[in-house]
Amino acid sequence: MTLARKLSPIHINSRIPAAFGTVAYLAIFVCSLAAVMFTPFQRLHWAAAGCFLIALLVYPQAFIKLLRFRFLILIVILATPPIFLVGQIDRSLAGIRYSSEGLMASIQITLRILVVLVSI
C-alpha cells in the first residue's frame with residue numbers, strides 16, 4: 001500500500017464513526033448559511049463565531065480546509081476588489097489609496113466566505 005493511499009482523506013475519514021447523518025450535516029450547513037447571509041453587518045461577527053463554534057464541535061477537521069492554498073487565493077480574489085471599488089477613496093496605507101467603506105465590505109465578504117467554506 002502506498003503512502004498516498006494511507007494518508008488519503010477518504011481512508012482517514014472512514015475510520016471516524018459518523019456522529020450525525022447526512023440530514024443533520026445538511027441542516028447545520030443550511031443554518032450556518034442562513035445565519036451569515038441574513039445577519040446585518042453589526043452582528044455578523046457574533047453569527048460567524050457561533051457558526052465556527054458549532055463547526056468546531058461537530059466536525060473539527062473542517063478548519064484544515066481553510067489552510068489550503070487554493071482557498072486562500074479564492075478568498076483574496078473575492079475580498080480584495082471591494083477595497084478599491086466600493087465607496088469613496090478616503091484613506092491611504094503605504095501610498096495605496098483605499099476606501100474605508102470598501103474595507104468594511106471586504107471584511108464582511110471574508111467572514112461569509114470563511115463560514116461557508118467551514119460548513120461545507
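Heavy-atom basis, side chains included; hydrogens, waters and symmetry copies ignored.
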Checklist line | Donor-acceptor under 3.5 Å (Ser99 side chain, Gln88 main chain) | finding: yes

Note to self: If hydrophobic clusters are built by linking Ile, Leu, Val, Met, Phe, Trp and Tyr wherever their side-chain heavy atoms come under 4.5 Å apart, do Val118 and Tyr25 end up in the same one?
What the structure shows: no

Check: Quick one: are Tyr98 and Pro82 in side-chain contact, heavy atoms under 4.5 Å?
Finding: no

Margin query: Quick check on the hydrophobic clustering: are Ile54 and Phe29 connected, directly or via other members, by side-chain heavy-atom contacts under 4.5 Å?
Written below: no

Margin query: If hydrophobic clusters are built from ILVMFWY residues whose side chains come within less than 4.5 Å, do Phe71 and Ile113 share one?
Written below: yes

Item checked: In one Ile/Leu/Val/Met/Phe/Trp/Tyr side-chain cluster, 4.5 Å: Leu111, Leu78 -> yes

Checklist line | Atom of Ser106, atom of Thr80 and distance for their closest heavy-atom approach | finding: OG-N, 4.4 Å

Next item on the list: Working to the nearest 0.5 Å, report the span between CD1 of Ile83 and CE of Met104.
Entry: 11.5 Å

Notebook entry, point to check: Would Ile107 and Val86 show up in the same hydrophobic cluster when neighbours are defined by side-chain heavy atoms closer than 4.5 Å?
Noted result: no

Notebook entry, point to check: If you measure from CZ on Phe52 to CG on Leu114, what distance do you get to the nearest 0.5 Å?
Noted result: 5.0 Å

Next item on the list: Quick one: closest heavy-atom pair of Ile75 and Thr110, and the distance?
Entry: CG2-CG2, 4.0 Å

Solution key, residues 31-49 side-chain donor-acceptor pairs under 3.5 Å, sequence neighbours excluded:
residue : atom : partner : partner atom : Å
Ser32   : OG   : Ile28   : O            : 3.0
Thr39   : OG1  : Ala35   : O            : 2.2

Notebook entry, point to check: Do Ser119 side-chain atoms and Val116 backbone N/O form a donor-acceptor pair below 3.5 Å?
Noted result: yes

